[in-house]
> 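Take a look at this one; I'll ask things after.
To find a chain, count down the sequence lines: A is the first, B the second, and so on, and within it residues start at 1.
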Amino acid sequence: MKARVYVTLKPSVFDPQGQTIADALHSLGYTTVGDVRQGKFFELDLNAASADQAKSLAAEVADKLLANPVIESYRVEIL
Amino acid sequence: MSLTFAIVVFPGSNCDHDSYHAAKDVLGQDAVCIWHKETSLAGADVVILPGGFAHGDYLRTGAIARFSPIMPAVVDFAGRGGPVLGICNGFQVLLESGLLPGAMLRNRDLRFHCEQVGIRVERTDTPFTARARERQVLRMPVAHGEGNYFAPPELLRQLEDSGRVVFRYCDERGEAVDAANINGSAHNIAGICNEGRNVVGLMPHPERACEASLGSADGLLLFESVVSALVQEGAVPTR
């Protein structure tokens, strides 16, 4: 089973990388693009009996290692 | 009496020998390097988590080092009041391990900064600043891409109220102005300590500023401070 974990900076945390990318898009003429936030994406191959079990396992590793709860939040998707 | 400095070496640490040299050759104390897969600090009196790129800084700076086998011994040592200094990447490891609060973001200008900076000593009641004067300005180098200290507003208030901001980036006159804030850290914070005041982390490199021939000997103050703090206490509380 595959799980996808998306880690992003919390909305309250300034994201200089996202801001720089947004500025580049604006200078390319994409003025309709507003804010850009950059994040991280992990694809995990899991040995799990059910989607629920896979989801809780992925959330556990995200809590423990993949995301830093001080600055980041995460979202889990099971494929 | 000689103290033993234990310098933890992670895969990717690159300022370990600078710390060793400062403690052993410049200060004349005992020093040992301890590989991160060890589980004992072997009777150390002072622990240093050196600068570098522990575990390649993959994922986040310091995130994987936090789970190195030596870390439970470091947490235990810190919990018993042992003096722990985290320098640059070592500071990031202390944040990830929860020994110090907050987190590091990329420098606000997204540039890697490698230069001499000024930092102001805010507190002299830690073992690493005991011999400094309050508001003393120290010159030492920084070399980092992720030194932009972040803490949520409530935590920042707690840090300020409890006097746990130990160093702030400042100009030549000792003013903590925005122009001196090389990475965009909240409140110009360059270093903090824990509630017990025995765990100190900072982004600048005191071990690279221990001899005049390196451009500054101001960093020696941190090493001399911890020696005199432990000697004044009359012994080594943590052995």
> Quick one: does Phe14(A)'s side chain get under 4.5 Å of Leu105(B)'s, heavy atoms only?
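No, side chains not in contact.
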> Once salt bridge (Lys or Arg N to Asp or Glu O under 4.0 Å) is applied, do any residues pair with Arg120(B), and if so which ones, sequence neighbours excluded?
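Listed in chain order: Glu122(B).
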> Quick check - list every chain B-chain A donor-acceptor pair under 3.5 angstrom, one line each.
unit_1	atom_1	unit_2	atom_2	d
Leu59(B)	O	Lys40(A)	NZ	2.8
Arg60(B)	NH1	Leu65(A)	O	3.0
Arg60(B)	NH1	Leu66(A)	O	3.0
Arg60(B)	NH2	Leu65(A)	O	3.0
Arg66(B)	NH1	Lys64(A)	O	3.4
Glu96(B)	OE2	Asn68(A)	ND2	3.1
Arg106(B)	NH1	Gln17(A)	OE1	3.3

> Answer with side chain, backbone, both or neither: which region of Leu59(B) has an atom nearer than 4.5 Å to a non-hydrogen atom of chain A?
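For Leu59(B), backbone and side chain are both near chain A.
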> If you tally heavy-atom pairs under 4.5 Å against chain A, which of Ala103(B), Ala151(B), Ala63(B), Pro101(B) wins?
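Ranked by contacts with chain A, first place is Ala103(B).
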> If every non-hydrogen atom of Val70(A) is compared with every non-hydrogen atom of Phe150(B), which pair is closest and at what distance?
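In this case the closest contact between Val70(A) and Phe150(B) is O-CE2, 3.8 Å.
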> For Glu160(B), enumerate each residue passing the salt bridge (Lys or Arg N to Asp or Glu O under 4.0 Å) test, keeping only those at least two apart in sequence or located in another chain.
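Result, salt bridge (Lys or Arg N to Asp or Glu O under 4.0 Å) vs Glu160(B): Arg168(B).
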> Who are the side-chain hydrogen bond (donor to acceptor under 3.5 Å, both in side chains) partners of Asn194(B), not counting sequence neighbours?
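Partners of Asn194(B) by the side-chain hydrogen bond (donor to acceptor under 3.5 Å, both in side chains) criterion, ordered by chain and then number, come out as Asn198(B).
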